[in-house]
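One structure is given below, encoded as structure tokens.
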Amino acid sequence: MDNGLLIIAHTPLASALRQGVAHVFPEQAKSLRVLDVQAADPIEASLKSGRALLATFGHEKNFLLLTDIMGATPCNLATRLAQEAGEQARVVAGVNLPMLLRAVTYQALPLEELLPIVLTGGVQGIVEVSSSAIDEKGKT
């Protein structure tokens, strides 16, 4: 059974991340739900939207909520939604495209197995790229 994946981030990051997934894995992108949080949106309206998005997963019992910045409004929304869902939800802050690609690739794993894979993908996706490596090849 696939886990439900919901990205909650400052607008337009959530939608942009889904577009990035669609570029690499068009079919898997269809399973993602996104909530772009506008600065002026009331928190209760965003919570209502988040609940509605989680409800669209239907048969999935577990959810992974990916958000952009620890402690910011999208993260606080994700945390509240996860608290409502109980043991069947986890929240990860600091979402990036490598993390998200891992999430959709291994979406069918049990949530407790998926979580460390997603975290590892996010961390391993952050590397310094030497300008000399670009110069040696002549192109990026």
Side-chain angles (χ1 to χ4, degrees):
M1 177 182 302
D2 286 353
N3 296 290
L5 300 174
L6 172 60
I7 308 166
I8 303 175
H10 292 89
T11 191
L13 185 57
S15 293
L17 286 167
R18 180 173 51 193
Q19 288 175 346
V21 171
H23 179 76
V24 180
F25 298 124
E27 287 304 310
Q28 286 89 333
K30 295 175 186 175
S31 69
L32 288 174
R33 305 294 187 273
V34 299
L35 178 57
D36 285 306
V37 178
Q38 304 282 336
D41 287 350
I43 192 105
E44 289 304 320
S46 296
L47 278 170
K48 183 177 179 181
S49 296
R51 289 180 190 117
L53 286 168
L54 289 178
T56 66
F57 288 117
H59 67 281
E60 282 91 357
K61 292 183 179 178
N62 297 314
F63 307 102
L64 182 58
L65 295 93
L66 303 163
T67 187
D68 52 3
I69 302 172
M70 175 67 183
T73 299
C75 184
N76 295 336
L77 289 166
T79 301
R80 284 187 57 185
L81 291 168
Q83 287 171 343
E84 292 174 9
E87 288 296 315
Q88 65 193 49
R90 298 291 184 280
V91 177
V92 174
V95 65
N96 59 31
L97 191 54
M99 176 188 292
L100 195 51
L101 292 173
R102 289 265 181 113
V104 298
T105 299
Y106 298 100
Q107 188 173 358
L109 289 177
L111 189 57
E112 295 305 319
E113 292 178 36
L114 175 63
L115 194 57
I117 291 170
V118 167
L119 292 170
T120 300
V123 172
Q124 288 178 349
I126 301 171
V127 296
E128 179 182 6
V129 178
S130 168
S131 61
S132 62
I134 295 171
D135 293 340
E136 290 172 14
K137 299 196 187 267
K139 295 182 181 178
T140 56

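For the single chain, residues carry numbers from 1 onward in sequence order. Worth knowing before you read on, the calculation uses all heavy atoms, side chains too, and leaves out hydrogens, waters and symmetry mates.
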Spacing of [X] atom [atom1] and [Y] atom [atom2] [to the nearest 0.5 Å]:
X   : Y   : atom1 : atom2 : value
R33 : I8  : CZ    : CD1   : 13.0 Å
T11 : Q38 : OG1   : CD    : 4.0 Å
D36 : R18 : CG    : CZ    : 8.0 Å
L65 : L54 : CG    : CG    : 5.5 Å
L5  : L53 : CG    : CG    : 12.5 Å
L47 : E84 : CG    : CD    : 6.5 Å

Looking only at non-hydrogen atoms, find the nearest pair between [X] and [Y] and report the distance.
X    : Y    : answer
L81  : G50  : CD1-CA, 3.8 Å
Q107 : S31  : OE1-OG, 3.1 Å
A14  : A9   : N-CB, 3.8 Å
L114 : A103 : CD1-O, 4.0 Å
S46  : L77  : CB-CD1, 3.5 Å

Within-4.5 Å side-chain heavy-atom neighbours: [X] and [Y]:
X   : Y    : answer
I43 : R80  : yes
H10 : V37  : no
V24 : V104 : no
V95 : T67  : no

Next item on the list: Determine, stepwise, if the pair L66 / V118 fulfils side chain to side chain contact (heavy atoms under 4.5 Å, CB included).
Entry: CA-CA 10 Å; L66 303 163; V118 167; 4.2 Å; yes
Margin query: If you count every heavy atom of other residues, nucleotides or ligands that lies below 6.0 Å from F25 atom CZ, does the total exceed 12?
Written below: yes
Notebook entry, point to check: Just by modelled atom types, is the P74 backbone N or O under 3.5 Å from a matching donor or acceptor in the D68 side chain?
Noted result: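 It does not hold such a pair.
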Notebook entry, point to check: Are the side chain of N62 and the backbone N or O of P110 linked by a donor-acceptor pair below 3.5 Å?
Noted result: no
Next item on the list: Evaluate the side chain to side chain contact (heavy atoms under 4.5 Å, CB included) criterion for residues L32 and L100: first the C-alpha distance (whole Å), next the side-chain angles of each, then the deciding distance (0.1 Å), finally the verdict.
Entry: CA-CA 10 Å; L32 288 174; L100 195 51; 4.0 Å; yes
